[in-house]
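Below is one structure, written out as C-alpha cells, with a few remarks after it.
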Amino acid sequence: MIELSELQDAAQKAFPADTLAPARDASWQLIAEMGWLMIDLPEDLGGLGLGRDATTMLHVEMGRVLSRAPLATALITQRALALSETLADKAGWLERTSTGTFVTINYDRRRITLDGRTVSGTLPAVPDADMASHVLLCTDGLIALVPLDAASVTVRERPLWDETRRLFDVTLADHAIDPALVVAEGAAADAIAATLREDMLLGIAADAIGGAAAALDATVDYLKTRRQFDRPLALFQALKHRCADLKTRIVAADALLWARAADPAATSVQFGALKALACEVFRFTTQEMIQLHGGIGLTEEHSAHLFMKRAMLDFWLAGGADVLNEAAGRAALAA
Amino acid sequence: MIELSELQDAAQKAFPADTLAPARDASWQLIAEMGWLMIDLPEDLGGLGLGRDATTMLHVEMGRVLSRAPLATALITQRALALSETLADKAGWLERTSTGTFVTINYDRRRITLDGRTVSGTLPAVPDADMASHVLLCTDGLIALVPLDAASVTVRERPLWDETRRLFDVTLADHAIDPALVVAEGAAADAIAATLREDMLLGIAADAIGGAAAALDATVDYLKTRRQFDRPLALFQALKHRCADLKTRIVAADALLWARAADPAATSVQFGALKALACEVFRFTTQEMIQLHGGIGLTEEHSAHLFMKRAMLDFWLAGGADVLNEAAGRAALAA
Amino acid sequence: MDDTASLETLRADVRAWLAANAPHGWREAEQTHAEFAASQKAWFLKLVEGGFAIPHWPAEWPGGGRSLAEQKVIYEELARADTPRLLLSFVSTYHAASTFFECATPEQKAHYLPRILQGEIWCQGFSEPNAGSDLAALKTRAVREVRDGREVYVVSGQKIWSTMAQYADQCLLLVRTSSEGAKQAGITFLLMDMKSKGVDVRPINQIQGDQEYCEMFLDEVEVPVENRVGEEGKGWAVAQATLSSERGLTLMELAYRMRGAGGRIAELIRKAGKENDPGTLAEFGAIMTRVESACAIADRFIENRLKGEERVGDASIVKLTYSRVLQDFALLGLRLGGLDEQVRAPIVFGDLNTGNWMADYMNSYAWTIAGGSDEVQRNIIAERMLEMGREPKNWVL
Amino acid sequence: MDDTASLETLRADVRAWLAANAPHGWREAEQTHAEFAASQKAWFLKLVEGGFAIPHWPAEWPGGGRSLAEQKVIYEELARADTPRLLLSFVSTYHAASTFFECATPEQKAHYLPRILQGEIWCQGFSEPNAGSDLAALKTRAVREVRDGREVYVVSGQKIWSTMAQYADQCLLLVRTSSEGAKQAGITFLLMDMKSKGVDVRPINQIQGDQEYCEMFLDEVEVPVENRVGEEGKGWAVAQATLSSERGLTLMELAYRMRGAGGRIAELIRKAGKENDPGTLAEFGAIMTRVESACAIADRFIENRLKGEERVGDASIVKLTYSRVLQDFALLGLRLGGLDEQVRAPIVFGDLNTGNWMADYMNSYAWTIAGGSDEVQRNIIAERMLEMGREPKNWVL
C-alpha cells in the first residue's frame with residue numbers, strides 16, 4: 001500500500017511548484033509513466049485501487065501547478081468503464097485507458113436528444129477532445145462511448161480565458177450508438193452517472209484547493225519580496241490580515257475536502273456543496289492575489305492571471321455555486 | 001428661509017453628541033419648543049414648509065444621538081393630516097400636532113380587515129403608542145385616525161432589544177371609524193399612503209446614516225485612545241483600513257440619501273432601496289464597532305450595543321433589505 | 001491510538017449512561033444566573049460520579065486517563081444528548097488542573113486537585129482593563145511582605161473578564177512583582193482564595209442581559225507565598241501552560257452543536273414559506289457547508305494533536321473559522337427571522353442556541369473577541385504560520 | 001455658479017452637436033490597438049473643432065473657460081451619447097495641460113499647449129518597477145552635462161505603467177537629480193521628446209489581451225535643460241500639480257456609464273429566466289443602488305469642488321467607492337452569465353462595458369489598482385480624514 005505522503009512527494013517531484021502550467025502532452029505522458037492512470041482502478045481489474053484519498057491528493061497537486069493535463073477527466077471516465085457490466089472489450093478498454101488512451105466527458109449540462117439508440121445534440125465543455133479517442137455520453141438510462149472520429153461527430157474548440165485548459169463542444173448528428181460501446185443501461189447507468197458526478201465535483205474541488213493554496217503561497221512570497229516605503233509589503237498589517245483570512249478559508253475548505261474524500265457515505269449533493277465552497281475560496285483567493293500583487297498582477301508576465309482564470313473556470317465547471325448551494329440547502333431542509 | 005446648516009447647528013446644540021439616547025419625554029418637549037413639529041408643514045397651513053431636506057437633516061441628527069423621541073413618526077402622520085381634504089377639524093389637528101400632540105403609525109405590515117367602516121386586526125410595530133393620542137390607520141382606500149383610548153383599541157408594548165425605541169402592537173376589535181376622523185378615501189388615500197411610505201423610508205435611512213456616522217466617530221475615537229502593545233490601536237493598519245472602508249461606505253450612502261431627499265421624482269421603490277443600503281451600512285458599522293471595541297463593546301457600560309441594537313431595528317422597520325432590494329431589482333429590470 | 005471497537009464500546013457506555021442521567025428541561029429551569037450556577041454544579045458532580053467529567057486528567061484520577069480519541073467520543077455524545085455545556089467548572093477542570101499538573105508543587109496538587117472534583121470553582125484573573133490582547137502589559141502589583149508573621153504577597157489592582165468569578169472559590173492570578181526588564185519577566189503566578197479580604201467582585205452587565213464575566217478589584221489582598229506557582233517572575237511561562245490547556249475539544253463540540261442548530265434555520269425557512277426560494281436555499285446550503293468545514297477543521301486539529309502533529313497557528317485557524325461561521329450563521333438566522341427577532345427575549349445562560357437570534361448574534365462576539373480576538377488570531381496566522389514578520393516593537397512616526 | 005437656464009442651453013447645444021457628430025459603431029471599428037488609437041485621435045480633433053475637447057482650459061483657448069458645472073453637463077452628454085471616452089488624449093489635455101498652466105514657463109506654454117490641440121499625445125513617465133504606491137522612491141537618474149555644446153540632462157532608468165506610451169509624442173518625466181536628503185527632494189520634472197535617442201518603449205501585455213500600458217527603458221536619453229519644469233530638485237511639487245489635475249469628472253462619467261450598463265445585467269436575468277427570482281432581483285437591486293450611490297458621491301464631489309469645499313480624502317472616497325462597486329458589478333455579471341463568460345472574447349479597447357464580463361472584471365482592476373490602489377486610498381482616508389496616524393517611518397522589529 002502506497003502512503004499518501006509518498007504519492008504527494010512523487011507528484012511534487014514530477015510536477016515541481018516552480019513550473020506552472022507545464023505543457024499538456026508532456027505532462028500526460030509523464031502521468032501515464034507515473035502509473036497514475038492505474039491508481040484508481042480496482043486491484044482485481046489490474047489497477048492499484050488506491051481510492052479517493054489518492055486521487056484527491058493527485059488532483060490537489062495538479063491544481064497546485066495549474067496542470068494542463070486532463071487527469072481527473074481520465075480517471076472519471078475510466079471509473080465508468082471499470083463499473084461497466086456490458087462493455088464488449090472491457091479489459092481492453094481498461095488496459096488502454098491505464099496506459100494513455102484518453103476518454104473525455106462533458107463538464108456542463110448536455111443538450112441532447114435520444115431516439116432509440118440514435119443521439120443528436122451537443123455535449124458542451126468537453127475537456128481536451130483533441131487528444132481523446134472517445135467521449136463518454138451519459139444520458140438518462142444510457143452510458144456509452146462515442147468515437148470522436150466518427151462522421152456523425154463534430155468537435156469544435158471554444159477558446160477560453162483560462163489558458164491552462166481546453167474545452168470543446170462535441171456535436172452529435174444522428175449518431176448511432178455502437179452496441180459494443182454501451183457502458184451501462186437503465187438503473188445501472190444512472191448509478192454510474194451519480195458516481196461520476198461525485199468524482200467530477202470532488203476532482204474540481206481538489207483542483208481548486210490546490211490552486212488556492214499555491215496562489216496564496218505565491219502571494220505571500222511576493223509580499224515578502226516586494227518593498228514599498230522602505231520595507232517589505234509583508235509587514236503591512238492590513239495585508240497580513242487579508243492573507244491570514246485567505247489561509248484560514250483555504251485550510252477550512254481543505255479540511256472539508258479530505259473529510260468528504262474519506263467519507264464513503266457522502267452524497268453528490270455534499271460533493272457539490274464542497275465544490276462550491278472550494279471554488280469560491282479559490283476564486284476569492286485569486287481576486288486577492290491580483291489585488292495584492294498590484295500592477296504586475298495585471299500583466300501576462302506574471303502568473304497571477306493564470307490562477308485567476310483557472311479559478312473562474314473551476315467555479316463554473318459542473319455547475320456554479322448558486323445551483324450547487326441551492327441543492328445543498330434543499331437537502332439540509334429535508335434533513 | 002432657514003439655511004440647512006443653521007438647522008443642523010441648532011439640532012447639535014439642542015441634542016449634543018455626548019448625550020446619547022436622551023430621555024424621550026424631555027426630548028419631545030424640546031423638539032416641540034424648537035418648532036421642529038412645524039418644519040415640514042406647508043407655510044399656507046401655518047408651518048415653515050422647509051421640505052425633505054430639512055426633515056432629513058433633523059433625522060440624521062436624531063440618529064446621531066440615538067434619539068428616543070418619535071420625531072420622524074410625528075412628521076409622517078402630520079403630513080397625512082396636512083394632505084387631507086376630508087378631515088373634520090383639520091386646522092385644529094395641524095395646530096395640535098405642531099405643538100406636541102403625537103399621532104403614531106405602524107412600521108410593519110398591518111394585519112387588519114376592513115368591513116365597511118369597521119376595522120379589526122393588529123397594527124404591529126407602532127412607535128410610542130403610550131404617548132400618542134391616535135394611531136393613523138392606513139389601509140387600502142382608507143386613511144383614518146383611531147383614538148388609542150377607545151374601548152375597542154388595545155395597546156400592548158413589545159419590549160425590544162433596542163432600548164432607544166418603544167414599539168407597540170395596537171389591536172382593533174370591531175373598531176368603528178369615526179367619520180370626523182377620516183383623513184382620506186379612495187385614490188386620495190392611496191396617494192397619501194404612498195407619500196407616507198416614502199417619508200418613512202427616507203426617515204429611517206436618515207436615522208441610519210446619522211447613527212452609522214456617530215458609531216464610526218466613536219469607534220475611531222476609541223481606537224485613538226485605547227493602547228495595546230505600547231501604542232494606540234488607531235496605528236494598526238488592519239484596523240485603519242477597516243475604518244476607512246466604513247467611512248467610505250457611510251459617505252457614499254450619505255451622498256445617495258441627500259440625492260434622493262432632493263429629488264422630487266424619486267419613487268418609493270428608490271427610497272426603499274436607499275433605506276436598505278443605509279441600514280445595511282449602519283448594521284455593518286455597528287458590527288465592526290463592537291468588534292473593534294473588543295470586550296468593552298460587549299458590556300452595557302459602553303454605548304456600542306445601543307448603536308448595534310438600534311441598527312438592527314432600523315434594518316427591519318418598514319421592511320428588510322431583501323424585500324426592498326427585490327422591489328428595486330424588479331423596477332430596474334422593467335426600466 | 002485506540003482501535004475502533006473499543007471506542008465504539010465507550011460510545012455505547014456513555015450513551016447508555018446519558019440516557020439514564022442526562023438532565024432534561026435544563027434551559028427552562030435556569031431562570032436566574034444563580035439557578036444556572038446551581039444546575040451547572042449539580043451536573044458536574046453527576047458527571048464526576050459517572051466518570052465522564054475529567055477524561056483528560058491523568059489515569060490515577062477516577063474517569064481520567066482517556067486518550068484524546070476517547071475524549072472526542074465523550075464530547076460527541078454529550079453534544080448529541082444536548083446536555084448543558086460544562087461552563088462553570090471549565091476553568092477548574094482545564095485551566096486550573098493543567099496548571100497544577102504541569103507546574104505546581106506536590107503539596108499544591110494534593111491540596112487543590114481533589115477539591116476540584118468536589119465542586120470547587122476556579123476563575124482566572126489574567127486580563128486587565130489595559131491588558132487585553134496585550135496581556136503582558138498587566139499592572140496588578142504584588143509586593144512581598146511579612147504580615148502577621150506570614151510571608152505573603154500583598155496584591156492590589158484590577159482584573160477584568162473573569163468568567164463567572166462571582167461563583168468562584170479560587171482564582172488563578174497573574175500579578176506583577178517587578179517592573180524591570182521585558183514586560184513578561186516581572187510576572188508571577190499566584191493562587192488566590194476568593195474569600196480573602198480585599199477581593200471585590202462585580203459582575204459585568206452584558207449586552208444580551210447576561211453576567212458571564214466579572215471585574216475584580218483587589219485591594220491589598222494577602223496571598224501566602226506558598227500559593228505561588230513556579231518561581232517569582234516566571235509566571236508568564238506558567239500562564240502559557242494554563243492557556244494552552246484546551247481548545248480543540250471545546251471548538252469541536254461547539255461546531256457540532258452549530259451543525260445541530262441548522263434545524264432552527266430550516267424552521268425559519270419553512271415558517272417564511274421559502275422552501276422553494278432558490279436564493280434562500282442557496283444561502284442556507286452555503287452556510288451549512290461552512291459549518292461542515294468548521295466541524296472538519298476541528299476534527300482534523302484533534303487528529304493532528306493525536307498524532308503529535310499540531311503546528312503553530314493551527315489552533316488559531318480553528319478558532320477563526322469557528323468564530324466567523326458562528327457570526328454569519330447567527331446573521332442568517334436574524335435575516336430570516338426578521339422583525340420578530342428584535343423583540344427582547346429572556347436570557348438563556350451559557351447557550352449559543354437560545355432560540356432568539358439577536359441573543360445568539362450577541363453571543364457570537366464572545367467567540368470573535370474573547371479568548372484571543374479574531375484580530376489576534378490573524379496576527380498569529382500571518383506572523384507565525386505565513387512568516388510575514390512580526391508587528392514592529394518600536395515605531396518612529 | 002451658473003444659472004440653470006444657461007446650463008440647459010449648453011446641454012441642448014452639446015446634444016445637437018453630438019447628434020450630428022458623435023461617431024457610431026466605433027467599438028466594432030476598432031479591431032486593433034492601432035485602429036483604436038487612430039479612432040481616438042480623429043474623435044479628439046472633431047471635439048476640438050466642436051469646442052468640447054478642453055472645456056477645463058482657460059477661456060483664451062477655443063472651447064475653454066467652462067465652469068465645472070458646464071464641464072459636468074458636457075460629460076453627461078458625452079456619456080449619454082455613448083461616445084468613445086477620450087483615453088489617448090487624456091494625459092495631454094489634463095495632466096500635461098495642468099502642468100503647463102500651473103508650473104511651466106511662458107515659452108514652454110507657447111510651445112506645447114497649441115500642439116496638444118493639434119493632436120500631440122503625451123504620456124507620463126512617473127512610476128517605476130520599484131516605485132509604485134511609493135512613487136517618491138523613484139530611481140531613474142538624470143545627470144546634468146554639456147553635450148554637443150548643449151546643456152542637457154542625461155537620463156537613464158526604467159519607467160512602467162505609462163498609459164499608451166507607444167502612441168505618445170511627448171513624456172512628462174520624473175527623474176532623480178540628487179540622492180541627498182528626503183526622497184522627494186531630489187526629484188526633477190522634465191519634458192521628454194519620445195523620439196529622442198535611447199527611448200525604448202515596450203507595451204505590456206495585459207491579462208485581458210490589451211496593451212494599454214508600457215514599460216519605458218531610458219538609456220542615456222538627452223533632455224535639454226530648458227525642458228525642465230520648475231527648479232531642479234523641485235519636481236515633486238510639479239508632479240502634485242500634474243496628478244491633481246483631474247479626478248472628479250472622469251469618475252462621474254464612469255459611474256454614469258456603469259448606471260447605463262445595468263441594462264446588460266437585466267438582459268442576463270431575462271436570458272436566465274430569473275425575472276421573478278427574489279434572490280436575483282434583490283442582488284440586482286442592491287448593486288444598482290450602490291451604483292446610484294457611486295453616482296451620487298461623484299456628483300457631490302464635483303459640487304463641493306464648485307463651492308470650493310473639497311476636503312482632503314474626498315477624492316479617495318469617490319475613487320474607492322467607484323472601484324469597489326465596479327468590481328462587484330462585474331462579479332454579479334459574471335455570476336449571472338455563468339460558464340459562457342469563460343469563453344475568451346475579442347478585445348474591446350478602453351471600454352469598461354465590453355459585452356464580456358470576464359473582460360470587464362479584469363478591467364475593473366485598472367480602478368482598484370491603478371491611479372492609487374484601494375489600499376493607498378484606505379491609507380489616505382484613515383490617516384488624513386480620520387486622523388488615525390500615519391504609517392511609521394522607521395520600524396524596529
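Throughout, protein chains are lettered first and strands after them, A, B, ... in sequence-line order, and every chain is numbered starting at 1.
The most heavy-atom pairs under 4.5 Å with chain B, out of D:G279, D:A266, D:P278, come from D:P278. With chain D as the partner, the residue from B:A332, B:A276, B:A259, B:G272 showing the most heavy-atom pairs under 4.5 Å is B:A332.
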Using distance alone, with no hydrogens and no angle check, list the donor-acceptor pairs under 3.5 Å between chain B and chain D.
{"unit_1": "B:K224", "atom_1": "NZ", "unit_2": "D:L386", "atom_2": "O", "d": "2.9"}
{"unit_1": "B:K224", "atom_1": "NZ", "unit_2": "D:E387", "atom_2": "O", "d": "3.4"}
{"unit_1": "B:Q237", "atom_1": "NE2", "unit_2": "D:N379", "atom_2": "OD1", "d": "3.1"}
{"unit_1": "B:K240", "atom_1": "NZ", "unit_2": "D:E383", "atom_2": "OE2", "d": "2.8"}
{"unit_1": "B:K240", "atom_1": "NZ", "unit_2": "D:G389", "atom_2": "O", "d": "2.9"}
{"unit_1": "B:K240", "atom_1": "NZ", "unit_2": "D:E391", "atom_2": "OE2", "d": "3.0"}
{"unit_1": "B:H241", "atom_1": "NE2", "unit_2": "D:N379", "atom_2": "OD1", "d": "2.8"}
{"unit_1": "B:D245", "atom_1": "OD1", "unit_2": "D:R378", "atom_2": "NE", "d": "2.8"}
{"unit_1": "B:D245", "atom_1": "OD2", "unit_2": "D:R378", "atom_2": "NE", "d": "3.1"}
{"unit_1": "B:D254", "atom_1": "O", "unit_2": "D:R300", "atom_2": "NH2", "d": "3.3"}
{"unit_1": "B:D254", "atom_1": "OD2", "unit_2": "D:R300", "atom_2": "NH1", "d": "3.1"}
{"unit_1": "B:D254", "atom_1": "OD2", "unit_2": "D:R300", "atom_2": "NH2", "d": "2.6"}
{"unit_1": "B:R330", "atom_1": "NH1", "unit_2": "D:N276", "atom_2": "OD1", "d": "3.0"}
{"unit_1": "B:L333", "atom_1": "O", "unit_2": "D:R270", "atom_2": "NH1", "d": "3.1"}

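Of the atoms belonging to B:L277, it is side-chain heavy atoms, and not backbone ones, that fall under 4.5 Å from chain D. At a 4.5 Å heavy-atom cutoff, the contact between D:L386 and chain B is made by backbone and side-chain atoms alike. Residue B:V251 touches chain D through both its backbone and its side chain, counting heavy-atom pairs closer than 4.5 Å. Contacts between B:L274 and chain D at a heavy-atom distance below 4.5 Å involve the backbone alone (N, CA, C, O).
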